[in-house]
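What follows is one structure encoded as structure tokens, with my remarks underneath.
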Protein chains: 2
Amino acid sequence: MLKERTATTTRAKARGAGKGEAEVRHLLPLGQIISGDCVEAMRSLPTASVDMVFADPPYNLQLGGDLNRPDGSHVDAVTDDWDKFDSFATYDQFTRAWLAEARRVLKPNGSIWVIGSYHNIFRVGAIMQDMGFWVLNDIIWRKANPMPNFKGTRFTNAHETLIWASMGEKAKYTFNYRAMKTLNDELQMRSDWVLPICSGQERLKKGGAKVHPTQKPEALLYRVMLATTNKGDVVLDPFFGTGTTGAVARRLGREWIGCERESAYREAALERIELALPLDESAITTMQSPKAAPKVAFGTLIETGWIKPGTMVSDKKGRFAAQVRADGSLACAADSGSIHSLGAKLQGAPSCNGWSFWHIEHEGQVKPLDDIRQMYLLATEP
Amino acid sequence: MLKERTATTTRAKARGAGKGEAEVRHLLPLGQIISGDCVEAMRSLPTASVDMVFADPPYNLQLGGDLNRPDGSHVDAVTDDWDKFDSFATYDQFTRAWLAEARRVLKPNGSIWVIGSYHNIFRVGAIMQDMGFWVLNDIIWRKANPMPNFKGTRFTNAHETLIWASMGEKAKYTFNYRAMKTLNDELQMRSDWVLPICSGQERLKKGGAKVHPTQKPEALLYRVMLATTNKGDVVLDPFFGTGTTGAVARRLGREWIGCERESAYREAALERIELALPLDESAITTMQSPKAAPKVAFGTLIETGWIKPGTMVSDKKGRFAAQVRADGSLACAADSGSIHSLGAKLQGAPSCNGWSFWHIEHEGQVKPLDDIRQMYLLATEP
DNA sequence: CGGGCTTGTGAATCGAATC
DNA sequence: CGATTCGATTCACAAGCCC
């Protein structure tokens, strides 16, 4: 009994759900906006069922009229110092409430994004760390065209901060490294992203007025989703607003769920998402790491005659040399092993990529083994 | 009676001290490094006595095992004891302790800067808000040449965050708006600053090894101090390290006080500050009033050390001469202004392109400023 | 022609990293 | 088993030039 239960728990952990993943997914309101307070709305979702949460919570710490305590009671506007502390505490309480539900709903290997400004992001970040979320990056959205500081009293507030976190230190989160590198002109994507604010055609308007005061640009969500979700993943946005998350999810072939209290926002969002056409499957396909490419064992190159047993290989500087054996291992005077393990041993390094470490003479030129592998792939794959 | 008391309180508040300001200043260890723990050290300072605090506390990095580059070389990480904390709670306790002393020592109209990364900055920011500090901006130091993410597992961590805060919402903090605008090409200075990391000549070394693992670039402190202090102000750095704050303070004619536990850092700092020569009074004087607004990017050359404040410039024929000031304006006997406006005024011309009008001696040759700008661009742009 | 100096090119180094 | 690095800076060395 105990054993069975443990097994179930382990399996559930691995698959990210108490029930089978397909079974849980069936229960999700995919492509729908749940109306009402986001904490209540998230309570209706099963545990460990979504792959990513994107949250754009209220930034406002002055509270005014647009923030309620988790119990629904209204927070009065406050001016004196004593009450200011009270308002921070109230904001923290609100933050802990929605983050707790987000955490419950996330799969163990899911991740969460939260965007904010200096008014709220420090509190949000500290609470996330306290709850066990593991910060992976803080990302700076550098606004190409920020609002100037009209009074000249401070620096132009030209950025917002996003926190990207996994469920814990050991979680196996999704990061499409190769897609980001491709998107960034073959350089690693950095933690600062230069993107324009949402304006022009993209900005939703009704009767000349903007429908939502803080509509986020689709480019921002595009990068977030492309980087940290896979096609078919479920993305939840607890502060859905006018549905930027939903529109981008649909375009990129991700599933989405939104929570939103205001009916005007819900209507605008549904209308907008309807118009967001899914991209072709081929357009969504991202550059995969070479790891995902068809594997070629070193031995295959020998079997197929691309490299002959007895050939000498060496490192780039010619400090180490070794001979190729018929079984695909390498041998030198001192030792032998796979292309990787021998390279590591000779250098005294913990690891080594033999494909780039070892070089071979081919048509008069000295090339890394990986070049031969690429030629083999080109000749056999397409 | 009541009236008199109110007057005293008001005066004290305005001057930032219970005692007269000159009286308190007399008690300060200006230009000295207090040895020992920073909380203890700050306790020796009088209440409401310093104008600005710049703090670079331990980041609580929580590094795992060793990290190697793809080529197998080892990354020299921050493994010092001073960055080790048992838990977030311990770190928070430490943070509250030093922030409380910093707050006590600051004048009511003083301000505080704290720098950190995602490991600690959220906690620091939230605690600052809880203590009553009023965040004015969060500033992003965007590194021109950050360390890449060697394993391809996250976004390149390419920035650090600074928090700038006053003592409270109503405080009359110092912000040299005009100096910042002049420094930034006649555009408002934004909340994201692109600056190189500290390396090359500036990086303090002993026997080939870096003296301090996290030495900050002087350009960063230069901008902080020029923006939020006045000449003669007292700047306190509770985590003095190798004294970047002291060196820049001396150059800019500010007074400084440091706290540092490690004697090796203290010695290196004192030696370094000795070599940091104060700039001329006229070079430090910043633009205080709005003037004509021609487009210039001159300030960047000063901030990055390509042109030193105090340097003389002249027109091609040597008829006019002027001196470079710290904020990127020029001053001569008769007048001052941007490189464009002063050139125009001296010639009695309606306008003037300061980049081609003003010349500077560089490596024995007299060159137009534009040549320096071109060199800077070539050196910094890909 | 050679010594000394300048200039240009390419290799090597390394940075607050939860890798 | 084998995937994974960017840019500023310095240094070594070659090429070119002057005297």
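Throughout, a chain's letter reflects where its sequence line sits, starting with A, and its residues are numbered from 1. Values in this document were obtained by computation on a predicted structure and should not be read as measured data.
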Would you say the base of dA3(D) and the side-chain of Ser356(A) have a donor-acceptor pair closer than 3.5 Å? no
Within the 4.0 Å heavy-atom criterion, would you say Ala144(B) contacts the bases, only the backbone, or no part of the nucleic acid? sugar-phosphate
Measure the distance from NZ on Lys84(B) to P on dT18(C) and round it to the nearest whole Å. 15 Å
Of the nucleotides dT4(D), dA17(C), dA3(D), which has the atom closest to the Val75(B) side chain? dA17(C)
Side chain of Asp83(B) - closest among dG15(C), dT18(C), dA16(C): dA16(C)
Sorted by number, residues from residues 202-213 of chain B placing a heavy atom under 4.0 Å from DNA chain D are none
Salt bridge Arg251(B)-Glu218(B), side-chain N to carboxylate O under 4.0 Å: yes
What about Lys143(B), does its side chain sit under 3.5 Å from the base of dA8(D) through a donor-acceptor pair? no
Ring centroids only, cut at 6.0 angstrom: are Phe298(A) and Trp306(A) within range, meaning strictly under it? no
dT5(D) and dT13(C), which share atom name C1', separated by this distance in whole Å: 13 Å
Among dT18(C), dT5(D), dC19(C), which nucleotide sits nearest the side chain of Lys151(B)? dC19(C)
Hey, does Glu160(B) reach any base, or is it just sugar-phosphate, or nothing, if we go heavy atoms under 4.0 Å? base
By nearest heavy atom, map Thr156(B) and Ser338(A) onto DNA chain D; which one lands nearer the 5' end? Ser338(A)
Just checking Lys181(A): base, sugar-phosphate only, or nothing, at a heavy-atom cut-off of under 4.0 Å? sugar-phosphate
Out of dT10(D), dT4(D), dA17(C), minimum distance to the side chain of Leu63(B) belongs to dA17(C)
May I ask you to say what Asn184(A) touches in the nucleic acid, namely base, sugar-phosphate or nothing, with a heavy-atom cut-off under 4.0 Å? nothing
Tell me if the centroids of the rings in His119(B) and Trp134(A) come within less than 6.0 Å of each other. no
Could you please name the option among dC6(D), dT18(C), dG15(C) that lies closest to any side-chain atom of Asn157(B)? dT18(C)
In whole Å, what is the span from the CG atom of Asn353(A) to the C1' atom of dG2(D)? 5 Å
Are Asp370(A) and Arg373(A) close enough for a salt bridge, meaning some N to O gap below 4.0 Å? yes
With a 4.0 Å cut-off on heavy atoms, is Trp134(A) in touch with a base, just the backbone sugar-phosphate, or nothing at all? base
The side chain of Arg154(B) lies closest to which of these nucleotides: dG15(C), dT18(C), dC6(D)? dT18(C)
Centres of the Phe240(B) and Tyr265(B) rings: under 6.0 Å? no
Output the rounded distance in Å from CG (Leu369(A)) to C1' (dC1(D)). 15 Å
Within the 4.0 Å heavy-atom criterion, would you say Gly65(B) contacts the bases, only the backbone, or no part of the nucleic acid? base
Starting the side chain at C-beta, find the nucleotide from dG7(D), dC1(D), dA3(D) nearest to Asn145(B). dG7(D)
Can you find a donor-acceptor pair, distance only, under 3.5 Å between Arg69(B) side chain and dT4(D) base? no
Atom CZ of Phe239(B) and atom P of dA16(C): how far apart are they, to the nearest Å? 18 Å
Nearest-0.5 Å distance that lies between atom OG in Ser191(B) and atom CD1 in Ile140(A): 8.5 Å
CG of Asp192(A) to CH2 of Trp141(A): how many Å apart, nearest 0.5 Å? 14.5 Å
Any base atoms under 4.0 Å from Ser199(B), or only sugar-phosphate, or nothing? Heavy atoms, all strands. sugar-phosphate
Checking Lys205(B) side chain against Gly200(B) main chain: does a donor-acceptor pair fall under 3.5 Å? no
With rounding to the closest Å, how many angstrom separate the P atoms on dC1(C) and dG16(D)? 16 Å
Looking only at the side chains, is there a donor atom on one of Tyr91(B) and Asn120(B) sitting less than 3.5 Å from an acceptor on the other? yes
Could you check which of dT5(D), dA16(C), dT10(D) has an atom nearest any side-chain atom of Asp71(B)? dT5(D)
Main-chain N/O of Leu204(B) paired with Gln215(B) side-chain donor or acceptor, under 3.5 Å: yes
dA12(C) to dA16(C) separation - C1' atoms, rounded to the nearest Å: 23 Å
How many Å lie between CE on Met147(B) and P on dC19(C), as a whole number? 11 Å
Taking the side chain of Leu67(B) as its heavy atoms from C-beta onward, which of dT5(D), dC19(C), dA3(D) lies nearest to it? dC19(C)
Contact class for Pro217(B) vs. all strands (heavy atom < 4.0 Å): base, sugar-phosphate, or nothing? nothing
Which nucleotide wins on minimum distance to the side chain of Phe88(B), given the candidates dA16(C), dT9(D), dT18(C)? dT18(C)
Can you measure Arg178(A) atom CZ to dT5(D) atom P for me and round it to whole angstrom units? 8 Å
Tell me what Asn60(B) touches on the nucleic acid: a base, only sugar-phosphate, or nothing, going by heavy atoms under 4.0 Å. nothing
So does Tyr173(A) get a side-chain nitrogen or oxygen closer than 4.0 Å to the phosphate oxygens (OP1/OP2) of dT18(C)? no
Measure the acute angle between the ring planes of Trp164(A) and Phe155(B), then classify it against the limits of 30° and 60° as parallel, tilted or perpendicular. perpendicular
Could you spell out the base pairing of DNA chain C as a dot-bracket line? Use Watson-Crick and G-U wobble contacts where both distances are under 3.5 Å, [ ] for crossing pairs, | for partners on a different strand. .||||||||||||||....
Earlier contact from the 5' end, DNA chain D, for Ser351(A) and Pro148(B): Ser351(A)
Roughly, in whole Å, what's the span from CG in Leu61(B) to P in dC19(C)? 10 Å
Stacked cation flag Arg261(B) on Trp82(B), 6.0 angstrom / 45 deg: no
For Gln215(B) and dT9(D), what is the distance between atoms CD and P respectively, to the nearest whole Å? 14 Å
Trp113(B) and its side chain to side chain contact (heavy atoms under 4.5 Å, CB included) partner, picked from Leu162(B), Leu221(B), Asn137(B), Asp56(B): Leu162(B)
